[in-house]
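So the structure is just underneath, and the comments pick up after that.
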Amino acid sequence: MTDQTPFYVTTPIYYVNDRPHIGHCYTTLVADVAARFERLRRGSGRDVFFLTGTDEHAEKVVETAQKRGLSPMEWATQNAGEFRKAFDFMGFSFDDFVRTTEDRHKARASDYIERLMKSGDIELGDYEGWWDASQEEYLTETVAKDANFVSPVSGKPLERRKEQNYFFRLDKYEAQLFDAIARGERGEPGGVRILPEARRNEVLGRIRGGLQRVPVSRRIREGDADWGIRMPGDPAHRVYVWIEALCNYLTVVDNERAPSTAAAEGGSRRRFWPASVHLMAKDILWFHAVIWPAMLMALGEEPPRTVYAHAYWVREGRKMSKSLGNFIEIETIEAYAKRYSLDAVRWYLLTQGPLGATDADFSHAKFVEVYNADLANGIGNCASRVGNMIEKYFGGKVPEPRDYQQGFYQRLLPDGSFDTSTVLGQALAARQVAGTPVPTGQSVKAFNFPDVVKHHVAEALAALDALDLVRAVQMGIQLVRFVDDFISHTAPFTLAKQINEDESKKSALQTILWACAETVRIASVMVSPVMPSKARHIWDAWNCFPPEGAEFRHLCEFGGEYKLNPGQAISKGEALFMRADPAEAAPVAG
RNA sequence: GCCGAGGUAGCUCAGCUGGUUUAGAGCGCUGGAUUCAUAACCCGGAGGUCGGCGGUUCGAGUCCGCCCCUCGGCACCA
């Protein structure tokens with residue numbers, strides 16, 4: 001993927017009757033980190049589009065609204081607001097938030113359906129199933145059987161009932177879908193890449209089992225509220241919500257034929273299609289990996305390039321469910337953010353979350369472990385010790401480095417002493433003088449900063465392309481570990497005690513600390529997509545705020561265009577992450 | 001039931017097409033070193049029959065068979 005390709009990432013649009021919880025936040029966080037990373041890589045947000053929103057046309061929305069004495073629209077608006085609030089709190093940088101009740105969505109979704117009817121991909125047919133009169137709904141064959149063909153609610157017998165419905169001819173696209181998924185696997189254009197791999201196999205297996213046409217509408221009944229989208233040309237039928245909902249990914253960027261809207265939306269968004277990534281939890285993979293791509297094929301649109309279905313969060317080892325009432329809701333997340341900072345929560349959710357095929361556990365003990373290991377003892381401590389030494393030894397001014405392009409090589413002279421013409425040799429010699437030499441038997445090391453940084457940055461970008469966001473951001477923490485290792489090897493604090501005797505020792509110290517600070521700066525850029533505000537803290541304290549439009553790979557070049565400039569002021573600043581006590585109780589909402 | 005994934009150090013997991021070693025990493029735990037730093041960082045250790053049994057092979061976590069266990073998809077839920 002070149003840096004110029006438009007990047008379009010979506011989350012599902014969330015069922016507006018729900019309350020925002022960790023699941024919604026997690027999926028959207030993954031999208032947010034991907035979007036922020038891609039913007040950074042391109043140096044601007046112009047070619048990145050990140051969409052989220054709410055799915056509002058469910059019949060349950062009408063019911064709930066009634067119970068609350070509100071119109072469906074009032075209720076939906078209120079709860080869509082809750083999602084926006086939660087997502088704003090999480091710091092999500094979505095470019096648009098779509099509600100399926102908006103005209104732009106309804107009009108275009110309706111248009112797609114109409115086109116599919118004209119092309120014969122949606123046709124009228126008979127639907128026959130088990131009708132539960134008390135609930136006014138059809139039950140699937142398996143559910144009906146499990147319930148012994150009586151209503152699970154009222155206990156009255158189910159009736160066999162037939163009606164006319166519209167169907168999408170999914171069965172016509174079996175071969176094309178196979179082909180697209182195979183191409184996606186090979187990374188070819190026009191293909192749909194399904195991730196993680198285990199999910200792709202599930203999908204392929206299910207397609208092999210045969211595809212059938214799927215119902216996409218139901219007949220409107222007497223007394224039904226006017227909620228949802230009607231079948232074009234047949235107002236007696238309403239489009240099923242899920243099929244209409246899927247269309248949101250396209251309706252939002254398909255604004256070209258509505259010039260007034262497009263103007264208000266900053267121009268045509270057509271270039272963002274096909275979507276780069278549809279993100280979702282595993283439960284709705286089938287819709288996104290099969291039905292939606294088939295619909296797009298029928299519409300003559302390209303299918304999404306990647307469909308990524310992550311697994312679920314469980315809580316302290318137990319599945320989250322409505323019956324257990326143990327969902328981690330936004331309030332709990334807020335409580336964690338209040339205690340440990342929002343960026344720490346983002347870090348934990350992203351790096352420990354169920355991005356793969358298996359579920360992930362949210363446990364307080366694990367949270368504290370990760371918080372301390374990666375953040376407090378990791379990047380926080382490292383930034384602090386480096387900033388402190390620069391403040392202490394160089395009056396808070398970035399020191400002038402010498403010769404870092406050569407890397408930091410250790411060289412032993414024939415007589416067994418260190419070659420003090422290298423920075424590393426100088427440092428090791430100082431340790432010997434001080435009586436704290438590197439333990440014998442410890443491997444001889446070289447610290448080639450330019451190469452190491454280059455390698456980590458390349459790895460991060462490769463991981464980003466594979467949508468391995470965890471690895472992408474962890475490369476930043478790995479760099480910090482490299483700096484920590486370097487500091488204990490060179491012991492700049494030991495060197496610092498000898499600089500009065502020897503000017504060359506001072507210059508070695510300058511080089512060492514500059515390299516440390518420069519690398520921490522780069523690490524901060526690398527983790528900024530997950531921890532935007534903590535990164536900003538470092539940039540503020542160190543005066544190295546990336547200029548608008550700066551590209552990732554330039555920002556991350558060791559000693560490059562955006563390097564820490566000698567002479568510039570640096571302050572130690574406040575600790576980024578205070579160490580947490582594992583014995584402390586978990587934060588509670590309220 | 002059908003289809004699929006997996007069982008490797010206390011925990012979370014790497015180990016692709018079988019022979020680089022006496023099977024690795026991170027976290028936790030423990031001993032040491034050190035003081036610039038947020039009792040942080042660095043070094044070392046901890047010795048896990050690589051789920052069980054049998055087989056193929058000169059040689060198997062790595063291939064085959066059987067068995068035990070766990071977990072996913074097939075059905076709404078991020």
message: Without decimals, in angstroms, what is the distance between Met280(A) CE and rC77(B) C1'?
response: 15 Å
task: For rC63(B) and rU56(B), measure between their C1' atoms and round to the nearest Å.
output: 8 Å
statement: What residues 15-25 of chain A contributes to the RNA chain B interface at heavy-atom separation below 4.0 Å is Asp18(A), His21(A), Gly23(A), His24(A)
message: Measuring only the P atom in each nucleotide, how far is rC43(B) from rC50(B)? A whole number of Å is fine.
response: 30 Å
P atoms of rC76(B) and rC29(B), separation to the nearest Å: 44 Å
message: Nearest heavy atom decides the nucleotide; on that basis, is Ala281(A) or Arg206(A) closer to the 5' end of RNA chain B?
response: Arg206(A)
message: Taking the P atom in each of rG73(B) and rG55(B), what is the distance between them to the nearest angstrom?
response: 38 Å
- request: Could I get the full list of side chain to side chain donor-acceptor pair (under 3.5 Å) partners for Thr436(A), not counting sequence neighbours?
  value: none
message: Can you measure Lys282(A) atom NZ to rG72(B) atom P for me and round it to whole angstrom units?
response: 6 Å
task: Output all residues satisfying side chain to side chain donor-acceptor pair (under 3.5 Å) with Glu244(A), sequence neighbours left out; order by chain, then residue number.
output: His57(A), His105(A)
Donor-acceptor list for residues 15-25 of chain A side chains, cut-off 3.5 Å, not counting sequence neighbours:
residue, atom, partner, partner atom, Å
Tyr15(A), OH, Asn17(A), ND2, 3.4
Asn17(A), OD1, Trp75(A), NE1, 2.6
Asn17(A), ND2, Lys60(A), O, 3.3
Asn17(A), ND2, Thr64(A), OG1, 2.9
Arg19(A), NH2, Glu331(A), OE1, 3.3
Arg19(A), NH2, Glu331(A), OE2, 2.4
His21(A), ND1, Gly23(A), N, 2.9
His24(A), ND1, His21(A), N, 3.0

message: So, using side-chain contact (heavy atoms from CB on, under 4.5 Å) as the criterion, who are the partners of Asn201(A) when residues are at least two apart?
response: none
- prompt: Do Glu185(A) and Arg193(A) sit within salt-bridge range, that is, some charged N less than 4.0 Å from a carboxylate O?
  reply: no
- prompt: How about Arg218(A) and Asn165(A): does a side-chain donor come under 3.5 Å of a side-chain acceptor?
  reply: no
message: Under 4.0 Å, heavy atoms only, any strand: does Trp313(A) hit a base, just the sugar-phosphate, or nothing?
response: base
- prompt: Within this structure, what is the OH-to-C1' distance between Tyr312(A) and rA78(B), rounded to whole angstrom?
  reply: 7 Å
message: Show every side-chain hydrogen bond (donor to acceptor under 3.5 Å, both in side chains) that has at least one partner inside residues 205-214 of chain A, sequence neighbours left out.
response: Glu123(A)-Arg213(A)
- line: Protein heavy-atom contacts under 4.0 Å, written 5' to 3' over nucleotides 30-41 of chain B as B (base), S (sugar-phosphate only) or - (none), form the string -----SBBB-SS
query: For the side chain of Glu369(A), counting heavy atoms from C-beta on, which of rG28(B), rC74(B), rG72(B) is nearest?
result: rG28(B)
- line: Atom CG of Asp468(A) and atom P of rA14(B) are separated, to the nearest Å, by 12 Å
field: Residues forming a salt bridge (charged side-chain N to carboxylate O under 4.0 Å, His left out) with Lys282(A), sequence neighbours excluded
entry: Asp359(A)
- request: Assign Arg208(A) to base, sugar-phosphate, or nothing according to its heavy-atom contacts below 4.0 angstrom with the strands shown.
  value: nothing
- line: Rounded to whole Å, NZ of Lys366(A) lies from P of rG26(B) at a distance of 14 Å
- prompt: Is Lys572(A) salt-bridged to Glu391(A), going by a charged N under 4.0 Å from an acidic O?
  reply: no
field: side chain to side chain donor-acceptor pair (under 3.5 Å) partners of Arg238(A), counting only residues at least two apart
entry: none
- prompt: When you compare rG72(B) with rC67(B), how far apart are their P atoms, in angstrom units rounded to a whole number?
  reply: 23 Å
message: Whole angstroms only, please: what is the CD-P distance between Glu202(A) and rA75(B)?
response: 12 Å
message: Whole angstroms only, please: what is the OH-C1' distance between Tyr371(A) and rG28(B)?
response: 19 Å
- prompt: Are any of the side-chain heavy atoms of Phe287(A) and Leu246(A) separated by less than 4.5 Å?
  reply: yes
message: Roughly how many Å apart are rC66(B) and rC2(B), using the P atom of each and rounding to a whole number?
response: 14 Å
- prompt: Is Tyr26(A) touching bases, backbone alone, or none of the nucleic acid, heavy atoms closer than 4.0 Å?
  reply: nothing
task: Write down the distance separating the C1' atoms in rA46(B) and rA23(B), rounded off to the nearest Å.
output: 15 Å
field: Which nucleotides of RNA chain B pair, in dot-bracket form (Watson-Crick or G-U under 3.5 Å, | meaning another strand)
entry: (((((((..((((.....[....)))).((((.........)))).....(((((..]....))))))))))))....
statement: Whole-Å distance, Phe482(A) CZ to rG26(B) P, equals 16 Å
statement: Sorted by chain and residue number, the side-chain contact (heavy atoms from CB on, under 4.5 Å) partners of Ala517(A) (sequence neighbours excluded) come out as Val386(A), Ile390(A), Trp542(A), Leu564(A)
- request: Could you list the residues that satisfy side chain to side chain donor-acceptor pair (under 3.5 Å) with Glu574(A), not counting sequence neighbours?
  value: none
task: Answer syn or anti for rG4(B), where the cut-off is 90° from 0 on the glycosidic torsion.
output: anti
- prompt: Expressed in whole Å, how much space separates the P atoms belonging to rG48(B) and rC64(B)?
  reply: 29 Å
